[in-house]
Amino acid sequence: MFEYVYIYIYTYICLFLLPGQDFIQARIVGGYAPSPNSVKYIVSLQSSKGQHFCGGSLVHKYWVLTAAHCNMGVDQMMLVAGDYALGVYEGTEQYSKPHLLIPHPLYNKTTNNADIMLIKLRAPIELNRYISLAPLPTQNTGVLPGRVCRVSGWGSTSHSGGKIPPTLHTVKLPIVSTAKCNSSESFNGNITSNMICAGYSTGGKDACKGDSGGPLVCDGRVYGLVSWGNGCGDAKFPGVYTAVSRFRRWVDRIIYSSFTRCYKY
């Protein structure tokens with residue numbers, strides 16, 4: 001049973017400690033492949049060697065929103081917008097290196113609280129028919145339990161992953177109440193007010209390793225970021241997402257203050 005947060009360690013081992021080993025690409029559990037470039041706001045976070053390890057959402061031509069536990073350092077990252085099949089050049093991709101990584105100051109890697117990060121790009125992404133911005137919810141707006149949302153990514157399609165065509169996958173999931181997610185039969189009080197849960201009581205559909213940081217979209221807005229869990233598709237343990245609406249003011253403050261205040265890089 002692995003938490004999504006372990007993708008950082010897993011990626012590091014695969015990319016840097018085991019040169020010559022094949023890196024396993026995998027995707028959403030229990031989902032399907034959407035039409036190419038239909039999820040226009042999703043971004044692939046890749047290592048400097050071109051290996052996907054997390055997802056993200058383009059929220060401004062210079063900014064990507066993702067999970068804080070996807071922080072591999074500025075020098076180890078490349079961001080790709082407009083992608084669909086990883087490792088295949090389709091002519092729709094745009095590449096940019098990160099200029100600045102800003103994890104939330106309250107991020108706690110032990111509890112996974114405030115698992116959110118903004119990435120400022122060195123060069124802007126051009127918006128076009130393949131790439132658009134991800135709308136965000138207003139501050140502290142919630143999503144009612146039972147509301148069906150959609151999570152997308154290039155993460156594992158099974159508990160063990162496998163060598164499969166690396167196209168984007170997506171799956172629809174209902175929101176689970178915090179009370180149920182925090183019950184003694186599930187996460188037993190570990191879900192904070194900065195998290196939301198989504199999944200079926202029968203299990204089988206979920207985000208998984210490699211989907212971290214990717215968008216959970218409800219009513220056309222990114223309400224969640226893939227954060228952590230207990231296995232993938234387990235009936236007792238829904239996927240846990242960072243509640244983006246809890247951080248909307250922080251996101252706006254970081255993005256728009258950057259145009260009026262100089263950062264010391």
Side-chain angles (χ1 to χ4, degrees), residues 7 11 15 23 25-28 31 33-103 116-136 150-155 165-171 207 210-217 220-226 241-242 244 251-252 254-256 258-259:
I7 187 63
T11 304
L15 296 180
F23 184 83
Q25 296 283 6
R27 297 157 289 154
I28 293 279
S35 300
N37 304 109
S38 60
V39 187
K40 300 178 187 295
Y41 44 79
I42 198 165
V43 174
S44 169
L45 275 61
Q46 301 181 6
S47 74
S48 56
K49 297 181 180 180
Q51 301 289 348
H52 169 86
F53 64 90
C54 274
S57 299
L58 188 69
V59 295
H60 182 280
K61 63 182 181 179
Y62 272 103
W63 293 89
V64 169
L65 186 67
T66 188
H69 78 260
C70 292
N71 188 347
M72 288 186 69
V74 168
D75 296 333
Q76 302 297 333
M77 295 174 66
M78 171 71 74
L79 294 94
V80 187
D83 212 346
Y84 179 69
L86 297 177
V88 177
Y89 182 69
E90 301 158 288
T92 59
E93 302 92 341
Q94 293 184 45
Y95 302 84
S96 186
K97 293 284 290 182
H99 187 50
L100 186 67
L101 306 180
I102 308 178
I116 188 170
M117 177 172 68
L118 278 164
I119 301 174
K120 187 174 185 181
L121 306 176
R122 291 185 185 178
I125 298 295
E126 179 183 350
L127 305 182
N128 54 35
R129 58 184 293 191
Y130 307 107
I131 301 171
S132 64
L133 300 182
L136 302 181
R150 184 173 78 162
V151 60
S152 304
W154 289 274
T167 55
L168 181 71
H169 265 51
T170 191
V171 67
D211 292 319
S212 290
L216 177 73
V217 175
R221 298 180 182 274
V222 178
Y223 272 87
L225 307 176
V226 179
Y241 301 78
T242 304
V244 174
V251 169
D252 287 349
I254 294 297
I255 291 177
Y256 296 107
S258 68
F259 294 114

Does the side chain of [Y] come within less than 4.5 Å of [X]'s, by heavy atoms?
X	Y	answer
Arg221	Pro135	yes
Ile42	Leu168	yes
Val151	Pro215	no
Val226	Leu216	no
Asp83	Val88	no
Met78	Lys97	yes
Leu118	Val64	no
Ile28	Thr170	no

Identify, with sequence neighbours excluded, every residue that meets side-chain contact (heavy atoms from CB on, under 4.5 Å) alongside [X].
X	value
Ala123	Ser96
Ala81	Val43, Ile125, Ile131
Pro103	Ala68, Asn71, Met117

Query raised in the report: Between Thr92 and Glu90, does any side-chain donor sit less than 3.5 Å from a side-chain acceptor?
Result: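 Short answer, no.
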
Query raised in the report: If we ignore angles and hydrogens, is there a donor and acceptor under 3.5 Å between the side chains of His169 and Ser152?
Result: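 Short answer, no.
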
Report task. Check whether any side-chain N or O of Asn37 sits under 3.5 Å from a backbone N or O of Gly82 as a donor-acceptor pair, and report yes or no. Result ->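 Checked: pair present.
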
Query raised in the report: Taking Arg122 for the side chain and Pro98 for the main chain, is one N or O donor matched with an acceptor at less than 3.5 Å?
Result: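 Yes: the side chain of Arg122 pairs with the backbone of Pro98.
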
Distance in Å, [X] [atom1] paired with [Y] [atom2], rounded so as to fall on 0.5 Å steps:
X	Y	atom1	atom2	value
Gln76	Lys49	CD	NZ	8.5 Å
Leu45	Ser212	CG	OG	10.5 Å
Ile116	Thr66	CD1	OG1	9.0 Å
Lys120	His99	NZ	NE2	6.0 Å
Leu58	Trp63	CG	CH2	12.5 Å
Ser44	Phe53	OG	CZ	8.5 Å

Report task. Verify side chain to side chain contact (heavy atoms under 4.5 Å, CB included) between Gln46 and Leu86, making sure each step is shown before the conclusion. Result -> CA-CA 10 Å; Gln46 301 181 6; Leu86 297 177; 3.7 Å; yes

Could you tell me which residues satisfy side chain to side chain donor-acceptor pair (under 3.5 Å) with [X], sequence neighbours excluded, listed by chain and number?
X	result
Ser57	none
Asn128	none
Gln94	none

Identify the heavy atoms of [X] and [Y] that sit nearest to each other, and give their distance.
X	Y	answer
His60	Ile255	CD2-CG2, 3.9 Å
Gly224	Tyr241	CA-CB, 4.0 Å
Val244	Val222	CB-O, 3.4 Å
Pro124	Tyr62	CD-OH, 3.4 Å
Ala85	Thr167	CB-CG2, 3.9 Å
Pro34	Val39	CG-CG2, 4.3 Å

Requested in this report: Go through Leu225 and Leu65 one step at a time and tell me if the side chain to side chain contact (heavy atoms under 4.5 Å, CB included) criterion holds.
Outcome: CA-CA 9 Å; Leu225 307 176; Leu65 186 67; 4.1 Å; yes

Query raised in the report: Near Lys40 NZ, under 6.0 Å, is it more than 12 heavy atoms from other residues, nucleotides or ligands?
Result: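 Above 12, so yes.
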
Query raised in the report: So Met77 and Ile119, side chain to side chain contact (heavy atoms under 4.5 Å, CB included) or not? Walk me through it.
Result: CA-CA 10 Å; Met77 295 174 66; Ile119 301 174; 3.6 Å; yes

